[in-house]
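As structure tokens, the structure follows; a few thoughts come after it.
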Amino acid sequence: MKLIVTATAPDLKAAVDPRFGRGAYFIVVDSETLQWQAHANRAVNAAGGAGSQAAQFVAQQGVEAVISGDFGPNAYIALAAAEIKMYLLGPSKTVAEAVANFTAGKLAQVSAPTGAGHHGGRS
Amino acid sequence: MVAGRRGGATPPLQIAVASGKGGTGKTTVATSLALSLAQGTSGDAASSPPTFLDCDVEGPNAHLFLAPAFERRQDVAIQIPRVDAAKCTACGKCAEVCQYHAIVVLGKKTLVFDQLCHGCGSCTLVCPAGAITEEPHTIGVLETGPAAHGIQFARGVLDVGEPMATPAIRQLKRWAIPTDGPAGRVVILDAPPGTSCPVVEAVRGADTLLLVTEPTPFGLHDLRLMVEVAAELGIPAGVVINRDGIGDAGVDEFCAAAGLPILLRIPFERAIAEGVAQGRTLVEIHPEYAPRFRALYQQLARQVKHHGRICR
């Protein structure tokens with residue numbers, strides 16, 4: 001399955017980034033082959049609307065699930081509309097660990113926004 | 001460019017009071033300046049009391065000091081896009097043009113985030129399928145009425161939970177600033193704290209900027225940012241040092257080096273703090289400040305004359 005994990009650097013061994021909308025990199029990973037590709041998050045310095053912008057990018061990658069530490073209201077609504085599943089990082093420290101934990105069924109799926117949002121978000 | 005006279009009348013002189021750092025005394029200075037001009041018997045500001053705009057729509061408080069009786073109200077609304085799913089081809093042009101990421105295309109769905117929308121209308125313009133219509137979304141209210149000493153008071157109040165202060169400030173200024181009137185008419189704009197979009201919206205178009213600071217490293221840091229904003233907007237500025245006597249000489253040194261005139265110093269004094277906490281203005285606590293504020297106004301007016309009026 002094709003996944004996206006938010007990361008602090010463009011590498012499978014990189015530490016995860018707990019932020020979704022403002023996470024530094026999106027690592028697109030195939031959970032079976034572990035083939036991966038890194039994309040810098042263009043929304044990282046957005047004045048506002050980072051969550052919705054990042055969600056649109058994720059949707060364009062054709063992934064089925066996103067693993068991150070926090071999904072604000074706008075990100076949640078957008079990802080849910082795109083029918084992309086959201087999972088929390090849990091104890092995962094690196095992107096590779098997050099993928100392994102996901103495959104092992106150890107990650108919790110998100111069914112509501114996990115944060116109150118920042119600029120432009122309504123709690 | 002210098003603004004011309006329209007039909008023999010003169011556009012009012014706009015003085016914006018800003019600070020960068022919050023809590024430096026913008027409202028203390030702005031309200032006392034307004035009262036001093038309203039009470040003034042000398043100088044060209046004496047012809048009619050000033051108009052006062054509380055532009056801090058996220059936390060207006062100048063009414064506590066000037067006690068206006070609001071007579072007129074008007075809703076502030078922005079135009080929010082609504083997407084007709086039957087007509088939308090999910091081409092993504094609307095999402096591309098939206099610099100606020102308020103409209104996104106996810107697969108075949110186009111989603112609008114009302115709270116991110118600035119109501120600029122770009123998405124409607126670029127939609128090739130004509131799938132977008134707009135509907136008004138109320139974000140706050142504008143209020144105006146007479147206040148102490150004949151001051152014409154106006155403010156905007158953003159609804160709780162609405163994050164977009166800028167359209168409310170823009171509409172407040174359009175609604176409440178008289179386009180012309182007797183010569184010497186003054187408008188005082190009490191800006192929000194900070195140096196971000198709402199502050200730029202509040203001070204843009206002002207003829208002169210009064211920067212209130214305190215002589216501390218924090219005060220200096222944010223004063224510097226605000227001076228950069230003033231330079232970017234091409235507005236001449238003067239400085240008021242509040243709580244003078246605390247901190248260090250950093251602000252003085254910066255102003256001297258930058259050629260910024262220090263127009264007034266207000267000492268760090270218990271009587272002032274107590275009075276303001278009771279809802280009294282500086283000129284009510286210490287009436288001797290009224291002529292000092294009128295002198296400050298004269299200096300600003302001279303600076304504007306020298307610099308030229310901003311064309312609005």
Side-chain angles (χ1 to χ4, degrees), chain A residues 1-4 6 19-23 26 28 39-66 68 71-86 110 112-123, chain B residues 57-58 78 80-83 85 88-120 122-123 137-140 158-168 192-201 225 229:
Chain A
M1 188 197 277
K2 214 169 154 190
L3 307 170
I4 275 185
T6 51
R19 300 164 301 174
F20 173 69
R22 295 189 191 275
F26 294 118
V28 182
H39 300 271
N41 178 12
R42 290 197 308 156
V44 72
N45 288 322
S52 61
Q53 191 185 3
Q56 178 164 268
F57 174 82
V58 167
Q60 286 162 353
Q61 304 311 304
V63 298
E64 288 179 58
V66 184
S68 190
F71 298 94
N74 292 336
Y76 179 83
I77 291 166
L79 290 169
E83 293 171 8
I84 295 167
K85 296 189 181 83
M86 290 159 261
V110 169
T114 55
H118 310 285
H119 179 82
R122 230 180 208 178
S123 51
Chain B
V57 300
E58 290 172 276
I78 58 171
I80 299 276
R82 289 289 169 254
V83 182
C88 177
T89 60
C91 70
K93 288 204 165 65
C94 54
E96 258 169 57
V97 77
C98 182
Q99 56 176 304
Y100 308 106
H101 315 297
I103 186 161
V104 295
V105 178
L106 301 144
K108 292 204 165 89
K109 283 181 205 149
T110 300
L111 277 190
V112 176
F113 292 88
D114 291 1
Q115 258 75 45
L116 296 175
C117 179
H118 281 55
C120 73
S122 300
C123 53
H137 168 67
T138 301
I139 60 167
L158 203 61
D159 288 346
V160 172
E162 287 296 340
M164 222 57 79
T166 309
T195 44
S196 60
C197 301
V199 175
V200 172
E201 189 60 51
L225 295 176
V229 172

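All chains are named by letter (A, B, ...) in the order of the sequence lines, taking the proteins before the strands, and each is independently numbered beginning at 1.
- The two atoms that bring Thr6(A) and Ser68(A) nearest to each other are OG1-OG, 2.9 Å, heavy atoms only.
- Scanning for salt bridge (charged side-chain N to carboxylate O under 4.0 Å, His left out) contacts around Arg82(B) gives Asp114(B), Glu135(B), with sequence neighbours left out.
- Residues meeting the salt bridge (charged side-chain N to carboxylate O under 4.0 Å, His left out) test with Glu58(B), sequence neighbours left out: none.
- Rounding to the nearest 0.5 Å gives a distance of 7.0 Å between NE2 of His39(A) and CD1 of Ile4(A).
- Along residues 91-103 of chain B, the residues that come nearer than 4.5 angstrom to chain A, judged on non-hydrogen atoms, are Ala95(B), Tyr100(B), His101(B) in order of number.
- Inspection of non-hydrogen atoms places Ala59(A) of residues 57-66 of chain A under 4.5 Å from chain B.
- A distance of 11.0 Å separates CG of Leu106(B) from CD1 of Ile77(A), quoted to the nearest 0.5 Å.
- For Ile84(A), no part sits under 4.5 Å from any heavy atom of chain B, backbone or side chain.
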**OP:** Report the C-alpha separation of Gln56(A) and Val105(B) in whole Å, then their side-chain angles, then the decisive distance to 0.1 Å, and conclude whether the side-chain contact (heavy atoms from CB on, under 4.5 Å) test is met.
**Re:** CA-CA 7 Å; Gln56(A) 178 164 268; Val105(B) 178; 4.0 Å; yes
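- Looking at heavy atoms from C-beta onward, Val199(B) lies out of side-chain contact with Val229(B) at the 4.5 angstrom threshold.
- Under the 4.5 Å side-chain criterion, counting only non-hydrogen atoms from C-beta, His118(B) is not in contact with Ile78(B).
- Under the 3.5 Å distance criterion, the side-chain polar atoms of Asn41(A) are matched with a main-chain donor or acceptor of Gly23(A).
- Within a 6.0 Å sphere centred on NZ of Lys109(B), heavy atoms belonging to other residues, nucleotides or ligands number more than 12.
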